[in-house]
Amino acid sequence: MLKVNIEQKGYGNHIVLKNVLLEIDTPGIYGVIGKNGQGKTTLFKCILGLENYVGKSWLNGKSVNMQTTAWCSAEPAVYDELTSKEFYRFYNHLTGDKESSDTLLFELPTDKLIKEFSTGMKKKVYLNAVLQKEYDMYILDEPFNGLDIESNYCLMKYLKQLAKRSIVLVSSHIIDVLYKHCDGIFMVKNQEVKRYLKEEFDKIEEEFFK
Ligand SMILES: Nc1ncnc2c1ncn2[C@@H]1O[C@H](COP(=O)(O)OP(=O)(O)OP(=O)(O)O)[C@@H](O)[C@H]1O
């Protein structure tokens with residue numbers, strides 16, 4: 001179960017989030033939407049403890065950490081001078097896992113340096129690295145950006161599998177995809193985060209553009 005209580009988060013005098021209370025008590029895919037600059041990434045970073053804020057977040061009664069939660073930022077940093085295989089090993093070293101997974105979500109060349117990859121391929125390297133093992137929670141910031149249609153389909157199919165036992169938080173500007181696959185949607189707007197259940201999705205657009 002995820003519990004988030006952000007009394008206040010800002011940068012200098014600029015308050016981004018205020019009195020945010022979220023609870024997710026069932027596994028599933030949960031979308032996070034909001035216009036540019038409203039605070040989606042900030043919300044994720046607060047939950048993950050990557051930003052200081054007034055408040056606290058818990059996953060299954062404990063602070064959220066990288067052992068229990070997978071995190072993929074919108075523009076993840078991969079090391080250009082490594083091959084994909086070396087990067088998976090490097091990532092595992094960071095998370096304290098000894099073994100690399102034999103089965104990876106996306107097929108990629110293993111003998112080329114990452115600097116020779118396209119933007120989408122680099123994103124796939126990072127997603128492959130993060131998704132090597134199972135976590136209690138996944139937080140993916142705009143994971144569909146940069147991926148082709150087939151890869152997006154493949155990623156969503158995989159997330160749906162994970163969502164049978166884990167909480168999957170996904171931000172995206174492609175609202176239709178979220179409507180189709182999410183169990184709930186959170187809208188970040190005017191410092192608040194509002195939750196919409198599946199049967200309330202038809203109210204989202206009006207509220208979003210208001
Ligand atoms: N490190 C920082 N220092 C100062 N201000 C920041 C910092 N990070 C984010 N902000 C500000 O906080 C606000 C929320 O940013 P955030 O990146 O969370 O938005 P977002 O909803 O994820 O946007 P987008 O859809 O463009 O990715 C913005 O006004 C942004 O300028």
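Counting convention: from 1, in listed order, for ligands and their atoms alike.
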>> Give me the nearest non-hydrogen protein atom to atom 14 (C) of ligand 1 as residue plus atom name, then the distance to 0.1 Å.
In response: G37 O, 3.2 Å
>> Quick check: closest heavy atoms across N5 and Y53, and the distance to 0.1 Å?
In response: O-CE1, 3.8 Å
> Looking at atom 9 (C) of ligand 1, what's its closest protein heavy atom, distance included?
Replying inline: Y11 CE1, 3.4 Å
> Does Y88 have its ring centroid less than 6.0 Å away from the ring centroid of Y91?
Replying inline: no
> So, Y30 and T26: side-chain donor and acceptor under 3.5 Å apart, yes or no?
Replying inline: yes
>> Please determine whether any non-hydrogen atom of H14 lies less than 4.0 Å from an atom of ligand 1.
In response: yes
> Where does T41 meet ligand 1, judged by heavy-atom distances below 4.0 Å: at the side chain, the backbone, both, or neither?
Replying inline: both
> Is a side-chain donor-acceptor pair under 3.5 Å present for D136 with S166?
Replying inline: no
>> I'd like to check which ligand 1 atoms, numbered from 1 as shown, lie under 4.0 Å from a non-hydrogen atom of V16.
In response: 12 (O), 13 (C), 14 (C)
> Is there at least one pair of N or O atoms, one from G39 and one from ligand 1, spaced under 3.5 Å apart?
Replying inline: yes
> Touching ligand 1 at all, E142? Heavy atoms, strictly under 4.0 Å?
Replying inline: yes
> What protein heavy atom sits nearest atom 25 (O) of ligand 1, and how far away is it?
Replying inline: K40 NZ, 2.7 Å
> Where is the nearest protein heavy atom to atom 15 (O) of ligand 1: which residue, which atom, and how far?
Replying inline: T42 OG1, 3.7 Å
> Do you reckon L59 sits in the same ILVMFWY cluster as I24, going by side-chain contacts under 4.5 Å, direct or chained?
Replying inline: yes
> Counting from 1, what ligand 1 atoms have a heavy atom of K35 closer than 4.0 Å?
Replying inline: 21 (O)
>> Before you tell me yes or no, could you show the steps for E51 and K9 under salt bridge (Lys or Arg N to Asp or Glu O under 4.0 Å), namely the whole-Å CA-CA distance, both residues' side-chain angles and the distance that decides it to 0.1 Å?
In response: CA-CA 9 Å; E51 286 282 356; K9 168 63 191 172; 3.2 Å; yes
> How about K40 and F186: do any of their side-chain heavy atoms sit closer than 4.5 Å?
Replying inline: no
> In ligand 1, which numbered atoms sit nearer than 4.0 Å to a non-hydrogen atom of H173?
Replying inline: 25 (O)
>> Strictly less than 4.0 Å: does any protein heavy-atom distance to atom 31 (O) of ligand 1 fall in that range?
In response: no
> Which residue holds the protein heavy atom closest to atom 26 (O) of ligand 1, what is that atom called, and what is the gap in Å?
Replying inline: N36 ND2, 3.0 Å
>> Using every non-hydrogen atom in the two residues, find where L113 and E81 come nearest and quote the distance to one decimal.
In response: CD2-O, 3.2 Å
> If you take all heavy atoms of P76 and Y126, which pair is closest and at what distance?
Replying inline: CB-CG, 3.3 Å
